[in-house]
S.K.: 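Just dropping this structure here.
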Amino acid sequence: MLKTFAELNFPGRLIAVEGLDGSGKSTQIYLLKRWLELQGHRVYFSEWNSSELVKAATSKGKKRELLSPTTFSLIHATDFADRYDRHLVPLLRAGYLVLCDRYIFTAYARDTVRGCPPEWVRGVYNFAALPDLTFFFKASLEVSLNRILDGRPQLKYFEAGMDLRLSTDPYESFRIFQGRILEQYLAMSAEFKFTVIDANQSVEDQQNLVRELLSDRIDLGKFKGNGVYPSRASAPRKNKWRQELVEE
Amino acid sequence: METGISRGISKGHTKRIPVPRPSQRRFYGYGIPGVDVNKLAGKLIVVEGADGSGRSTQIVKLVDWLEECGHGTVQVGLKRSTLVSAELEQAQQGNILSHTTLSLFYATDFADQLENIIIPALRAGFMVLADRYIYTLMARDIVRGMDEQWVKNVYSIALVPDAVFYLNVSPEELVQRNVAKNAALDYWESGMDIGLSRDIFDCFVQYQRLMAKEFERMQNSYGFTMVDGHRSVAEIYTDLQKQIELVLNKPA
């Protein structure tokens, strides 16, 4: 049985956000991070699929469409393991608030939709502890689809789930694929105690709620820093209207 | 059937190439989604052993022999995938990957070859010779203290081979062969990353001893054929040939 970092007596706490592409989760975790760091808390932010060491292989695999469901799963697990062991765990031991844009549930949902056996996927990731708090941004499928499809008409192969041969039309494929991922998320929501946020609300209303819930669940006073933060000098967030999102 | 004999060569001069019967095949566990194991007609032959155990020498000879017999062959090995071999090599140079990360990187490399080389080649009726397989990868992980159940789950995607030969050579002899060949001991083959000793020579011997022990332990569950690797190249080759012939002629 997996445990949370609190249950494992880590001084740090891990907060994850999950949701469909276009659910607004990245905006929310970015604003949460800004708030926490400007309040002077020790905070570290990590994104899915961002390990420097593994990224080259992943992007080659994606560009050249070399990935199968199994290798797609394993290469993302490699990326995650690298970030987990080199960044997340040491920072959690050092007493940081670690914010993750996507966590193991993304893999559970995507890999399962791609046809990997769910127990195998869970087994691959069982070296990782559970988040202390997981926000699930639940937007209606139509809202998420519109947000992505309005801003970024060029869908990438794996992002659109084209490898699943759901449809020859990338947009149609994306719709079906996202619908299936949403089903997976909803099915595991109770098991992993997701804190569900209604992502059809305004950015501000969601952020108010997220900050309130975080303050309730985690004693933020324990995370006051000394003014030096590994994530402080982070670049401004990539904006989907100006640049392509990095993920997938 | 007469059509199986090459045109222009009279019957007396050419021996009919026997077609091996398809094996009863299965995956160790979950396997690869969507693959029908019953359609894999070729044979999967694995040669395991440390660096310097004579694996590559034997594989070269076996390929010559099998091709002379008229069998299509394909070779696979660790860190040879299109997908991640270059990146894995590069990542290893700095030695900053954790055991879990390195292990999953190797698993990705293995899965890519399994799906894109091993399975399609077997489907086409080829003899696949694997210069190491999941056993080395599993032994390395277990020797490094990783959870055995986790390792087994990761590699439950693998196909069960038709034969696995483990070339058993003592660590002392491996040292001799490695220094004679490369004038050095390899960092990873010495297990320097686990820090058994600061001294690479001592480390190599201790690490290879641990690996050999692990292989011995795994032999019970995976049924390797232990091959005494101290004998001459020719003796080992004859031994392997005999056992592979049995695999090729095995009734389904």
Side-chain angles (χ1 to χ4, degrees), chain A residues 1-2 49-90 104 107 110-129 158 163-165, chain B residues 27-35 79 81-120 134 137 141 144-159 193:
Chain A
M1 191 60 202
L2 296 177
N49 193 22
S50 66
S51 149
E52 287 303 322
L53 282 166
V54 187
K55 223 157 90 180
T58 318
S59 60
K60 179 176 77 182
K62 286 181 180 170
K63 257 185 224 133
R64 290 168 51 186
E65 295 169 14
L66 295 171
L67 300 168
S68 70
T70 307
T71 51
F72 187 97
S73 176
L74 286 170
I75 208 163
H76 283 86
T78 311
D79 182 286
F80 177 78
D82 185 44
R83 290 185 298 113
Y84 188 81
D85 286 338
R86 280 199 306 135
H87 302 298
L88 309 188
V89 167
I104 55 175
R110 284 186 186 167
D111 296 349
T112 303
V113 168
R114 285 201 154 88
C116 294
E119 304 78 18
W120 179 76
V121 179
R122 288 186 179 203
V124 167
Y125 281 93
N126 78 5
F127 59 89
F158 286 100
D163 56 316
L164 290 169
R165 308 273 178 259
Chain B
F27 288 109
Y28 276 115
Y30 293 115
I32 298 293
V35 171
K79 237 185 336 185
S81 70
T82 317
L83 186 58
V84 294
S85 57
E87 289 76 9
L88 176 50
E89 179 63 41
Q90 199 185 0
Q92 262 185 320
Q93 292 306 319
N95 187 22
I96 50 168
L97 297 181
S98 73
H99 293 332
T100 312
T101 311
L102 194 57
S103 174
L104 285 166
F105 226 146
Y106 267 108
T108 311
D109 173 79
F110 171 75
D112 191 47
Q113 294 187 71
L114 177 65
E115 291 183 280
N116 294 307
I117 305 173
I118 300 176
I119 289 172
I134 58 167
L137 298 173
D141 287 350
R144 281 168 177 77
M146 300 195 53
D147 179 51
E148 195 172 341
Q149 283 314 310
W150 181 82
V151 176
K152 280 188 171 168
N153 176 68
V154 167
Y155 288 108
S156 70
I157 58 171
L159 270 176
D193 62 304

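Sequence lines set the chain letters: A, B, ... in the order given, protein chains first and strands last, and positions in each chain run from 1. The figures here come from the full heavy-atom set of this structure, side chains too, leaving out hydrogens, waters and symmetry mates.
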S.K.: Evaluate the side-chain contact (heavy atoms from CB on, under 4.5 Å) criterion for residues A:L74 and B:I157: first the C-alpha distance (whole Å), next the side-chain angles of each, then the deciding distance (0.1 Å), finally the verdict.
M.R.: CA-CA 11 Å; A:L74 286 170; B:I157 58 171; 4.2 Å; yes
S.K.: Relative to chain B, which of A:N126, A:L66, A:V124 shows the most heavy atom pairs under 4.5 Å?
M.R.: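 Counting heavy-atom pairs under 4.5 Å, the top option is A:V124.
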S.K.: Does any backbone or side-chain atom of B:S103 lie under 4.5 Å from a heavy atom of chain A? Answer side chain, backbone, both or neither.
M.R.: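 Contact with chain A is absent: no heavy atom of B:S103 under 4.5 Å.
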S.K.: Taking side chain to side chain donor-acceptor pair (under 3.5 Å) as the test, write out the residues that go with B:D193, two or more places apart.
M.R.: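 Listed in chain order: B:R144.
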S.K.: To the nearest 0.5 Å, how far apart are CD in B:Q92 and NZ in B:K79?
M.R.: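 Interatomic distance, B:Q92 CD to B:K79 NZ, rounded to 0.5 Å: 4.0 Å.
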S.K.: If we define contacts as heavy-atom pairs under 4.5 Å, which of B:N116, B:D112, B:L104 has the most with chain A?
M.R.: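 Option with the greatest count: B:L104.
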S.K.: What are the two closest non-hydrogen atoms of A:G61 and B:L83, and how far apart are they?
M.R.: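 Distance-wise, the nearest heavy atoms are CA-CD1, 3.6 Å.
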S.K.: Using a 4.5 Å cut-off on heavy atoms from C-beta on, say whether the side chain of B:F27 contacts that of B:V35.
M.R.: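 Yes - at least one pair of side-chain heavy atoms lies under 4.5 Å apart.
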S.K.: B:L102, B:D109, B:T101, B:V84: which one forms the most heavy-atom pairs within less than 4.5 Å of chain A?
M.R.: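 Heavy-atom pairs under 4.5 Å are most numerous for B:T101.
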S.K.: Going by the rule ring pair (Phe, Tyr, Trp, His ring centres under 6.0 Å), which residues pair with A:Y125 if we only count those two or more places apart in sequence or in a different chain?
M.R.: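 Per chain and number, A:Y125 pairs via ring pair (Phe, Tyr, Trp, His ring centres under 6.0 Å) with A:F80.
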S.K.: Sort by residue number and list every residue of residues 145-155 of chain B having at least one heavy atom under 4.5 Å from chain A.
M.R.: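 B:W150, B:N153, B:V154 fall under the 4.5 Å cut-off.
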S.K.: Which atoms of A:R83 come close to chain B, meaning under 4.5 Å heavy atom to heavy atom: side chain ones, backbone ones, both, or neither?
M.R.: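 When you check distances to chain B, no heavy atom of A:R83 falls under 4.5 Å.
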S.K.: Do B:E87 and A:V54 come within less than 4.5 Å of each other through their side chains, counting heavy atoms only?
M.R.: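 No, their side chains stay 4.5 Å or more apart.
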S.K.: Among residues at least two apart in sequence or on other chains, which ones pass ring pair (Phe, Tyr, Trp, His ring centres under 6.0 Å) with B:Y28?
M.R.: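 Partners of B:Y28 under the ring pair (Phe, Tyr, Trp, His ring centres under 6.0 Å) test: B:Y222.
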